[in-house]
Amino acid sequence: MSKTNKLPQIVFLSTEIGRGHPNYLDSIFRLMQKECSKKKVVSPFLNVFDQSKGLSKVGWNLVKRLYFLGGKGGLATKFYNFFRGKKKGLSKDSFFLKILGQNIKRSFEKFKGVCLVAHPLTATILSEVCRVWYLHGEISAPKECAIKGVEKIFVPLKETKDKLVNFGADPETIVITGLLIEPEALEDAKDSFNQRVERVKSKKSLTIGFFTSGAYPPRHIEKIILGTKSVIQKNMRAIIFLGANQRKYKKIEDEVKKLNIKFVGDEKDDLIENKNWELLLTKEKDRTSETKRTIELMPYLDAFVAAPHERTNWAVGLGLPFFALFPLIGTFAPQNFEFAQKNGVVYPLKTKDDSKKLGDIILKLRDENKLLEMTKNGFGKYEINGAQKVASLLIQEMQKI
């Protein structure tokens, strides 16, 4: 951390757990790199594992393990939801937080710049040590995210702010930014939306995206496989976005082979234009390349299936109809789903039978013009340039320091 005491005085600190929180930081970091490259200024992108050692690192590995256990279902999921939602668990005086923060606090105790974080754990740990800007990219606002003592809390919507204030966050610290969506997805957002509207209105075959979450919950994976088979049986195409976990990719690929459908791996740039496949499987080496490929393929999607986590932003901001995987895992998912439902952009896949009938469900919604409504309900209502606003504020702050 000694290098962070030299300009620039902006540091990104990631937990590298799951996809949502790190992905929000990624978006800001890419914008900062682009904007500051001419000035040869690069803000460090650090993570808690590299900044920790000994018992502290063991603690972070336990948090990561709890995250994956949370997707297993049954008692493991109940314990994870309890851990995430337990206000006492995020107290600054918590013994567990003292262990997690032992090395991180020492690294940042003399740091005079701004540390941008996207997880309530790191925000709480550093809130009394240095200047912390907490990037809360989620629409939902559970109580553990009402962090006190930070300099700024970035939230996407007024509804998010109101909930955090109700839980005790200082309203003076909260900045409403608009939805936190990958900036590259905004470049052709309107054209992609208009083309999607035309495809949904027409009788053309649709393409449905299926997204795994960072924890790869088995019950969600099962529904993704069932849903994929169902839409293909109804003459639609499917793209399964498998993330960067090579072991999980092989396991899901083995399941797909049992479906007796024409599938291809994501190896050529022109695959999407090739009509000789029913299912496209994507896998990438890391989170950055996964995001890049997702943005490249997103304009071709007419709807998507995922857990109601960070991708809920796409449904309410980009006009991409959303089919939400149940059970709802963690403290963010229920509120995200509720918000998407209130905005008329989501349909719940609560049971295996729902997934088995997904093709029929989509066609029925299309015939009744409800799929078109879901598309239109999700575009133009909210500001979607939250990442750009946060990056601009960081650049302004950098010039002051």
Side-chain angles (χ1 to χ4, degrees), residues 19 23 182 184-185 188 191-192 195-196 198-200 202-307 311 314 318 320-323 325 349 352 355-363 366 371:
R19 178 187 180 274
N23 185 63
E182 294 84 348
E184 297 84 357
D188 300 311
D191 287 342
S192 295
Q195 291 168 20
R196 185 176 305 116
E198 291 306 311
R199 290 195 301 267
V200 171
S202 74
K203 297 299 180 182
K204 293 181 180 179
S205 175
L206 302 178
T207 301
I208 313 300
F210 293 81
F211 291 86
T212 57
S213 59
Y216 295 89
R219 285 187 284 177
H220 288 184
I221 298 299
E222 182 183 25
K223 288 180 179 177
I224 285 174
I225 299 296
L226 292 171
T228 297
K229 181 178 180 181
S230 177
V231 300
I232 289 173
Q233 286 175 337
K234 296 300 176 181
N235 298 316
M236 297 178 231
R237 295 205 291 182
I239 304 177
I240 301 181
F241 296 82
L242 294 172
N245 188 315
Q246 302 301 311
R247 184 173 60 85
K248 294 293 184 181
Y249 175 89
K250 182 64 170 63
K251 187 175 181 179
I252 296 173
E253 183 184 46
D254 290 342
E255 290 297 317
V256 167
K257 288 179 180 177
K258 301 175 185 177
L259 300 181
N260 193 29
I261 57 179
K262 291 185 289 185
F263 77 93
V264 291
D266 193 13
E267 299 167 352
K268 298 179 181 178
D269 292 337
D270 61 351
L271 269 176
I272 196 71
E273 305 296 344
N274 184 340
K275 303 300 181 183
N276 193 33
W277 59 269
E278 296 170 313
L279 169 64
L280 172 61
L281 296 179
T282 77
K283 67 172 179 178
E284 301 297 337
K285 61 182 180 179
D286 53 37
R287 191 174 64 247
T288 300
S289 56
E290 176 205 357
T291 298
K292 182 175 183 290
R293 188 54 174 152
T294 296
I295 300 305
E296 290 171 349
L297 293 174
M298 189 180 289
Y300 300 98
L301 301 182
D302 299 299
F304 76 105
V305 176
R311 296 183 180 96
W314 299 347
L318 297 179
L320 193 57
F322 182 19
F323 292 83
L325 292 166
L349 300 179
K352 285 200 298 183
S355 295
K356 288 178 182 178
K357 296 177 179 178
L358 179 59
D360 288 317
I361 291 171
I362 292 173
L363 291 180
R366 188 186 201 181
L371 189 65

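What you are looking at is a predicted structure, and each value in this text was computed from that prediction instead of being measured.
- Closest approach of G243 to T212, counting heavy atoms only: N-OG1, 4.1 Å.
- Using a 4.5 Å heavy-atom cutoff, the side chains of F323 and I208 are not in contact.
- Under a 3.5 Å cut-off, the side chain of R366 and the backbone N or O of S202 do form a donor-acceptor pair.
- A distance of 8.0 Å separates CE of M298 from CZ of F304, quoted to the nearest 0.5 Å.
- Using a 4.5 Å cut-off on side-chain heavy atoms (C-beta onward), F263 and I240 make no contact.
- Counting heavy atoms from C-beta outward, L281 and E253 have side chains that approach closer than 4.5 Å.
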Taking it one step at a time, do R287 and E290 satisfy salt bridge (Lys or Arg N to Asp or Glu O under 4.0 Å)? CA-CA 5 Å; R287 191 174 64 247; E290 176 205 357; over 6 Å; no
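- Summarising the geometry, atom CZ belonging to R293 is positioned 16.0 Å from atom OG1 belonging to T288; distances are rounded to the nearest 0.5 Å.
- The two residues S205 and M236 make their nearest non-hydrogen contact at OG-CA, 3.5 Å.
- Applying the salt bridge (charged side-chain N to carboxylate O under 4.0 Å, His left out) test to K250 and every residue at least two apart in sequence or in another chain returns D254.
- The shortest heavy-atom contact between F210 and A238 is CE1-CB, 3.7 Å.
- Proximity of T294 to T282: side-chain heavy atoms (C-beta onward) are nowhere separated by under 4.5 Å.
- The distance from the CG atom of L371 to the CG atom of D302 is 8.0 Å, given to the nearest 0.5 Å.
- Within 6.0 Å of CG on N260 lie no more than 12 heavy atoms contributed by other residues, nucleotides or ligands.
- The side chain to side chain contact (heavy atoms under 4.5 Å, CB included) check on E222 picks up L226, K352, with sequence neighbours excluded.
- With sequence neighbours excluded, the residues satisfying side chain to side chain donor-acceptor pair (under 3.5 Å) with E182 are R19, N23, W314.
- Here the CG-NZ distance, from D360 to K234, works out to 4.0 Å after rounding to the nearest 0.5 Å.
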Take V231 and V305 through the side-chain contact (heavy atoms from CB on, under 4.5 Å) test and state the conclusion after the steps. CA-CA 11 Å; V231 300; V305 176; over 6 Å; no
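- At distances below 3.5 Å, at least one donor-acceptor pair connects side-chain atoms of S230 with backbone N or O atoms of K356.
- Applying the side chain to side chain donor-acceptor pair (under 3.5 Å) rule to K251 yields no partners; only residues at least two apart in sequence or on another chain are considered.
- E255 is linked by a side chain to side chain donor-acceptor pair (under 3.5 Å) to K258, counting only residues two or more places apart in sequence or in another chain.
- Annotation: the span from I239 atom CD1 to L297 atom CG amounts to 5.0 Å, rounded to 0.5 Å.
- With rounding to the nearest 0.5 angstrom, the CZ atom of R237 is 10.5 Å from the CG atom of L279.
- Using a 30° and 60° split on the angle between ring planes, F211 and F241 fall in the parallel class, below 30°.
- No side-chain donor-acceptor contact under 3.5 Å links R199 to the backbone of K204.
- The two residues L320 and R196 come nearest to each other via the heavy atoms CD1-NE, 3.3 Å.
- Annotation: side chain to side chain contact (heavy atoms under 4.5 Å, CB included) contacts of S289 (sequence neighbours excluded): E284, K285, D286.
- A heavy-atom distance below 4.5 Å is not found between the side chains of T207 and L280.
- For K223 (side chain) and L325 (main-chain N/O), no donor-acceptor pair under 3.5 Å exists by modelled atom type.
- Taking all atoms of both residues into account, the shortest heavy-atom contact from Y249 to L242 is CD1-CD1, 2.9 Å.
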